Amino acid sequence: MIPLKHLSSHQPHSSPSLSWNGRYLAVIIQRGGKRMAVITDRLSGQIHPLSLPGNKYPIRISLSPDARQLAMELTGKGTSRIELFNLQTIIEPDEPIGIRGSTSLNQSQ
Amino acid sequence: MIYLSLALTLLLTLSSCTNASMQPLPEINNTILKSSTNNREPSLGIKWLASLALYNGKERIELTNLLSRTRVPLPGLNSQDSQPISVSLSADGQRLALIRQRGNRTELLLYRRNFGTLQLLEINPAGIPKKVSIDATGKLLAVQVSRDGYWEVDLLRLPN
């Protein structure tokens with residue numbers, strides 16, 4: 001088991017989603033009484049909180065395998081809806097092994 | 001000295017956390033995804049999105065081509081006598097793993113788009129599946145299963 005040290009104080013966690021090589025983990029956490037989505041970069045140790053407009057909060061998220069896009073199931077005003085977001089301004093892609101730009105992680109990371 | 005160490009600790013904590021600004025994709029969000037209500041359970045591939053969408057009081061599995069921004073037909077997948085619970089998509093959009101309720105049975109299935117076939121997958125030892133996740137290659141499944149009052153996760157290797 002690989003502990004997620006940076007997220008341990010923001011439980012409960014839900015809806016985990018990994019990129020191709022496991023470099024990025026998108027997950028919903030609890031922060032200050034609010035549910036919010038974050039992406040952790042297991043290579044650099046950085047956490048990217050993903051702020052949402054309006055009174056919406058995330059129910060479920062899905063990271064594309066190359067980490068270029070994120071789909072979020074959002075709820076607000078009694079309905080749920082899926083919205084897509086471009087992540088390329090935040091993180092670099094995680095390409096499959098064998099493709100230029102792919103990431104190699106140690107098991108301990 | 002104490003203030004200095006506190007400031008350093010704060011600086012180190014903040015430096016591991018960047019405030020990110022995602023860019024919404026309005027051309028997709030305002031067209032194809034807005035046309036169905038109560039869309040949930042997203043699963044992203046490369047250029048593909050699978051989800052559950054409510055139509056006329058009944059949920060069905062939908063697949064969207066994010067490049068052409070069109071819905072893709074899934075012949076033989078959605079049926080009147082079943083209710084989808086969970087769906088997950090391989091990176092190339094060719095394989096969909098799903099859980100559905102049919103009568104009093106909860107079934108785990110694999111849908112292959114290139115053949116249009118739906119294959120029932122056996123859960124052994126028996127259990128009730130709740131959530132499924134297929135890996136990007138479409139060859140490995142993680143399934144959350146209720147078994148004898150406990151939640152367990154099974155890994156299933158799929159044939160080619």
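The shown structure was predicted, so the numbers you read here are calculated from the model rather than taken from an experiment.
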According to a 4.5 Å side-chain heavy-atom criterion applied to Ile, Leu, Val, Met, Phe, Trp and Tyr, with indirect links allowed, do [X] and [Y] form part of one hydrophobic cluster?
{"X": "L96(B)", "Y": "L109(B)", "value": "yes"}
{"X": "I123(B)", "Y": "V132(B)", "value": "yes"}
{"X": "I59(A)", "Y": "F85(A)", "value": "no"}
{"X": "I99(B)", "Y": "L77(B)", "value": "no"}
{"X": "L89(B)", "Y": "L141(B)", "value": "no"}

Above 12 or not: heavy atoms from other molecules or residues under 6.0 Å from [atom1] of [X]?
{"X": "D81(B)", "atom1": "CG", "answer": "yes"}
{"X": "K58(B)", "atom1": "NZ", "answer": "yes"}
{"X": "I128(B)", "atom1": "CD1", "answer": "no"}

Please round to the nearest 0.5 Å and tell me the distance separating atom [atom1] of [X] and atom [atom2] of [Y].
{"X": "R68(A)", "Y": "K47(B)", "atom1": "CZ", "atom2": "NZ", "answer": "9.0 Å"}
{"X": "Q69(A)", "Y": "L49(B)", "atom1": "CD", "atom2": "CG", "answer": "9.0 Å"}
{"X": "L70(A)", "Y": "Q23(B)", "atom1": "CG", "atom2": "CD", "answer": "13.0 Å"}
{"X": "I61(A)", "Y": "S43(B)", "atom1": "CD1", "atom2": "OG", "answer": "12.5 Å"}
{"X": "N86(A)", "Y": "L25(B)", "atom1": "CG", "atom2": "CG", "answer": "5.5 Å"}

Compare all side-chain heavy atoms of [X] with those of [Y] and state whether any distance is below 4.5 angstrom.
{"X": "R40(B)", "Y": "T75(A)", "answer": "no"}
{"X": "I46(B)", "Y": "W20(A)", "answer": "yes"}
{"X": "R81(A)", "Y": "N29(B)", "answer": "yes"}
{"X": "M22(B)", "Y": "L87(A)", "answer": "yes"}
{"X": "R60(A)", "Y": "P42(B)", "answer": "yes"}

- Message: So for K131(B), is it side chain, backbone, both, or neither that comes closer than 4.5 Å to the heavy atoms of chain A?
- Response: side chain

- Which answer fits L63(A), side chain, backbone, both or neither, if we ask what part of it has an atom under 4.5 Å from a heavy atom of chain B? backbone

- Okay, S64(A) and chain B: the region with an atom under 4.5 Å from a heavy atom over there is both

- Item | Heavy-atom closest contact (A91(B) atom, P65(A) atom, distance) | CB-CG, 3.7 Å

- Task: Locate the shortest heavy-atom distance separating L44(B) from A71(A); write the atom from each residue and the value.
- Result: CD1-N, 3.4 Å

